A.B. asks: 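Attaching a single structure in structure tokens format; questions to follow.
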Amino acid sequence: MKKAFLITLILALSTMTALAAKRKAGKAGGWPELQAEEKSRTATGKVTEKLMLVSWGDLMYFYGPETDPGLMTRTQIANMMKYWKEQGFTQIYWRGEKILSEFVNRKWNNSTIYAEGSALKKEAEIIFEKYGVDTTEIAIEEAHKLGLKLYFWHSVFDDGTPADKIHRKWAQGFPWRITFFDEHPELETRDRQGKVQWGVRDLAYPLSRSQKIDQYVKILQKYPELDGVFIYLHSHSDPGDNGDQYGFNKPIVDEYKKRYDIDILTDPRFDWKNPDFDPKDEVVEKWRVLRGEYMTKFLREIKTALKKVRPDIKIAINTQGGDYWGPPFSNLKTDWRTWINEGLIDLLIVRTWMAGGCGAYDFSKEGYLTWGDGNIGVTPYSEIRKTIDESGNDVKLISRARTYIEDVDGYYDSTNRDSTYPKNQRKRQLESNIKTFGYIGFIQQDFENCRPLEEKGLLDFTTGKKRYAIGNCRYLASKNTTPGLASFFTEDKTVSPALIDAEANPVVYGTVVYMDKSSVPFGIHRRTGTSWPDEKIDTGKVKMSLDIYRKPGSSFLVKCRGENENPAVMFDSKGQLQLMKEGKWTASGLFIKENVWTKLFIELDFKAGRYIVVTGNNFNDFASSSFDREKTALDGLFIKCNEGAFCFDNINMIWSW
């Protein structure tokens, strides 16, 4: 029996549907430089600094375990360092995972719609245990072999949300929580009503600053060969409804009262919901400036602390490129001029995407005074350059555009944005496996030894019950197979689809899937597309099979899961196979008997644009139909019960060309 990997499901469709109702799609990195860069990359030789941002945890999930960008072994890391060097990158910004657990108590929340959270943590632990290596240590060694500099990338404001709090933009829970805030709840940013922006610390508290500074110091002590640290201003936390919603913690309230004799908790001029709220009011701007002073204080303190460990350590920081923080945070004043003039930083990375938890949304009407993605409130590069030159400090100015921009020293990019390398490597793996095995094991799932990926399950609001996902969506080239990510299940036969013990019979045994007409649709699929090494199947031949146990009077649909119009078969209440022909279900004369296990075979031929269906082991009896091969690209199966009830097991999809 196959043992499934533990990978939690991202329920992207329902999440995005819920979010779309609240916000319009935005630009997410679509500022003018990026939109124009593909058309013109002139004078690229003038770019002196090229930064590659590497989020190890993300890449492990997207590209692991068997393509180099997965960064799981020394060989993979060395190969990618060589690739980045060949691409002209000079600095690597490495967001490690293992080291952080040594410095903070991170509680992984289960039962979340978004987060691979606890499952990713488990997989990371397997990697470290299996290979016995510290990926960050290896990254430093391999980067330095090639003359690349390596900065450790760590977030200041990404400390997570309690498991029982709903992340508004995801409509579900959050993957992690730093328990430090359970012990010190006052440290998280609040609005006038006391509502918390979970995971976003208020730097007005000395403890809030010192606890984070201590993490950076320990990172540098752990890895003394680092060339620098990246103070990352970014968060997956829920953004406010307005740029002036948050920032009313007690130290801010008290200090503002002391300076200006105004109570910002009661004065209506600070209420963004008030129809008379004036974002240009001088008293409101003073509040933003006050909040920004504590960010600058934090930078002074962290520089002092880091320099005690390594006097020559470099410090990088990012902003959205304007005078305010912007989403997902607030209109806190960003005093980047002081940072430069006091020599608090060595690299200023601008026009970055800071709202990691809310996707591509339009913040243009939500009162944010700076929003890099929307090109709102951003400072001209020439003004930043002038400040740097007049300061006398050697501060590098970095933008995101992969081209030369006047007054800018270089650009940054991220590995998530370029999937060419893993896709080419996967192509070679597939070609090798075709020669070795004669086919690709696209999905193979027998439902044995598969425990739910979430301990508590995902609440199904239509039934009030919990549902689960099992399996693994990623292709294992070394084994030429993918279990497939299958969902949604229960372990309660009264709420289907359910994983149950099979009906007694001499052929099929163990765990099977039970479905009845009350079931939500079942799906099993591979992860394919832009962010993954694999693509949907749209060429060659696909042979599929599954075991069916049909209860009396049951009717069900089996459809290829993918894009546009995909081949489907339906069995009516009499057990007769129906095929779609010219837009209508047409009886085939083939049947599946009641109360016995029967093998269902489906074969797609993309070259011919036809598929055949066999019920049972008599391959002389088959039915066939056509499909539009130009509109068909599949990544798995979709199964739905129309009437009655049935069971299925042993899903097998193999692909050849």
Side-chain angles (χ1 to χ4, degrees), residues 48-56 77 81 84-85 89-100 102-104 134-158 201 203 206 208-234 294-319 334-350 352 388 391-398 409-412:
T48 59
E49 300 293 344
K50 299 180 183 180
L51 284 55
M52 173 54 67
L53 273 59
V54 182
S55 178
W56 185 86
I77 294 171
M81 290 294 177
W84 293 323
K85 175 75 172 182
F89 289 95
T90 60
Q91 300 179 27
I92 307 300
Y93 284 58
W94 182 271
R95 180 157 63 181
E97 302 292 331
K98 181 175 184 292
I99 185 64
L100 300 182
E102 299 179 16
F103 306 148
V104 296
D134 183 332
T135 53
T136 298
E137 183 177 306
I138 292 174
I140 296 171
E141 293 173 359
E142 295 299 331
H144 287 173
K145 286 179 183 178
L146 299 174
L148 298 170
K149 295 179 180 179
L150 194 136
Y151 283 57
F152 194 94
W153 164 11
H154 182 43
S155 298
V156 180
F157 302 99
D158 208 8
R201 65 182 63 216
L203 295 179
S208 180
R209 300 193 302 273
S210 64
Q211 191 262 356
K212 179 57 67 173
I213 291 170
D214 184 59
Q215 293 175 24
Y216 282 92
V217 169
K218 287 180 178 177
I219 288 169
L220 187 54
Q221 291 172 335
K222 175 77 173 182
Y223 303 112
E225 299 305 315
L226 284 170
D227 297 289
V229 296
F230 179 22
I231 299 173
Y232 193 40
L233 306 185
H234 166 279
Y294 292 102
M295 180 68 213
T296 300
K297 186 176 181 65
F298 171 76
L299 289 180
R300 293 185 183 119
E301 292 172 350
I302 197 171
K303 177 185 177 182
T304 298
L306 292 175
K307 294 292 184 179
K308 287 181 180 178
V309 181
R310 274 273 309 282
D312 61 340
I313 196 69
K314 300 295 184 182
I315 297 175
I317 195 170
N318 67 301
T319 74
T334 306
D335 194 5
W336 55 268
R337 294 171 182 83
T338 296
W339 304 351
I340 292 170
N341 290 329
E342 291 188 12
L344 301 179
I345 59 174
D346 299 287
L347 290 95
L348 179 61
I349 307 172
V350 299
T352 57
I388 292 173
S391 74
N393 293 317
D394 183 16
V395 178
K396 302 297 183 184
L397 177 58
I398 308 296
D409 295 296
Y411 62 77
Y412 79 93

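What you are looking at is a predicted structure, and each value in this text was computed from that prediction instead of being measured.
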A.B. asks: Pairing donors with acceptors under 3.5 angstrom, does anything connect the side chains of Q215 and H154?
C.D. replies: yes

A.B. asks: Honestly, is R95 close enough over W56, meaning NZ or CZ under 6.0 Å from the six-membered ring centre and within 45° of the axis?
C.D. replies: no

A.B. asks: Judged by atom type as modelled, is there a donor-acceptor pair below 3.5 Å linking the side chain of R201 to the main-chain atoms of F157?
C.D. replies: no

A.B. asks: Any chance you could lay out the side-chain contact (heavy atoms from CB on, under 4.5 Å) test for R300 and E342, step after step, and finish with the verdict?
C.D. replies: CA-CA 9 Å; R300 293 185 183 119; E342 291 188 12; 2.8 Å; yes

A.B. asks: Taking the six-membered ring for Trp, are Y151 and Y93 ring centroids under 6.0 Å apart?
C.D. replies: yes

A.B. asks: If you look at every heavy atom in V395 and D409, which pair is closest and at what distance?
C.D. replies: O-OD2, 3.9 Å

A.B. asks: Taking the side chain as every heavy atom from C-beta outward, state whether I77 and W94 have any pair of such atoms under 4.5 Å apart.
C.D. replies: yes

A.B. asks: Taking all non-hydrogen atoms of both residues, which atom of L220 and which atom of L306 are closest, and how far apart?
C.D. replies: CD2-O, 3.8 Å

A.B. asks: Indicate yes or no: at least one non-hydrogen side-chain atom of W153 is less than 4.5 angstrom from one of S55.
C.D. replies: yes

A.B. asks: Rounded to the nearest 0.5 Å, how far does OG1 of T352 lie from CG of L53?
C.D. replies: 9.5 Å

A.B. asks: Taking atom CD1 of I313 and atom NZ of K303, what is their separation to the nearest 0.5 Å?
C.D. replies: 13.0 Å

A.B. asks: Within the distance-only criterion (no hydrogens, no angle test), does the side chain of D214 pair as donor or acceptor with the backbone N or O of S210 below 3.5 angstrom?
C.D. replies: no

A.B. asks: Please report the interatomic distance OG(S155) to CG(L233), rounded to the nearest 0.5 Å.
C.D. replies: 8.5 Å

A.B. asks: Give a yes-or-no answer on whether the side chains of T319 and W336 include a donor-acceptor pair shorter than 3.5 Å.
C.D. replies: no

A.B. asks: Do T334 and W339 come within less than 4.5 Å of each other through their side chains, counting heavy atoms only?
C.D. replies: yes

A.B. asks: Do NZ/NE/NH1/NH2 and the carboxylate oxygens of K396 and D394 come within less than 4.0 Å?
C.D. replies: yes

A.B. asks: Measure across N341 and S391 and return the closest heavy-atom pair with its distance rounded to 0.1 Å.
C.D. replies: OD1-CB, 3.4 Å

A.B. asks: Report the C-alpha distance between R337 and D335 in whole Å, list the side-chain angles of each, state the deciding distance to 0.1 Å, and finish with yes or no for side-chain contact (heavy atoms from CB on, under 4.5 Å).
C.D. replies: CA-CA 5 Å; R337 294 171 182 83; D335 194 5; 4.2 Å; yes

A.B. asks: Students often mix this up, so state it plainly: with edges at 30° and 60°, are the rings of Y232 and H234 parallel, tilted or perpendicular?
C.D. replies: parallel

A.B. asks: Could you tell me whether the side chain of L51 reaches within less than 4.5 Å of the side chain of L347, counting heavy atoms only?
C.D. replies: yes

A.B. asks: Measuring from atom CZ of F89 to atom CH2 of W84, what distance do you get when rounded to the nearest 0.5 angstrom?
C.D. replies: 9.5 Å

A.B. asks: Taking the side chain as every heavy atom from C-beta outward, state whether I398 and L348 have any atom pair closer than 4.5 Å.
C.D. replies: no

A.B. asks: Quick one: pull up CZ in R209 and CG in L299 and give me the separation to the nearest 0.5 Å.
C.D. replies: 11.0 Å

A.B. asks: Would the distance check show the side chain of D134 and the main-chain N or O of T136 forming a donor-acceptor pair, the cut-off being under 3.5 Å?
C.D. replies: yes

A.B. asks: Any side-chain heavy atom of I302 within less than 4.5 Å of one from F298?
C.D. replies: yes

A.B. asks: Between D346 and I315 (side chain of the first, backbone of the second, donor and acceptor by atom type, cut-off under 3.5 Å), is there such a pair?
C.D. replies: yes

A.B. asks: So how far is it from M81 CE to K85 NZ, rounded to the nearest 0.5 Å?
C.D. replies: 12.0 Å

A.B. asks: I'd like to know whether L148 forms a side-chain contact (heavy atoms from CB on, under 4.5 Å) with Q91, so could you lay out the CA-CA distance, the side-chain angles of the two residues, the decisive distance to 0.1 Å, and finally the verdict.
C.D. replies: CA-CA 5 Å; L148 298 170; Q91 300 179 27; over 6 Å; no

A.B. asks: Looking at K308, I'd like to know if its NZ atom is crowded, meaning that more than 12 non-hydrogen atoms belonging to other residues, nucleotides or ligands lie closer than 6.0 Å.
C.D. replies: no

A.B. asks: Could you pull out the closest heavy-atom pair between G343 and N393, with the gap in Å?
C.D. replies: N-ND2, 3.5 Å

A.B. asks: Quick check: does any side chain N or O of R310 sit under 3.5 Å from a backbone N or O of G228, one acting as donor and the other as acceptor?
C.D. replies: no

A.B. asks: Given M295 and I317, is the side-chain contact (heavy atoms from CB on, under 4.5 Å) satisfied, shown in steps?
C.D. replies: CA-CA 12 Å; M295 180 68 213; I317 195 170; 3.9 Å; yes

A.B. asks: Would you say the side-chain atoms of Y412 and N318 include a donor-acceptor pair closer than 3.5 Å?
C.D. replies: no

A.B. asks: Could you pull out the closest heavy-atom pair between P224 and Q221, with the gap in Å?
C.D. replies: CD-O, 3.6 Å

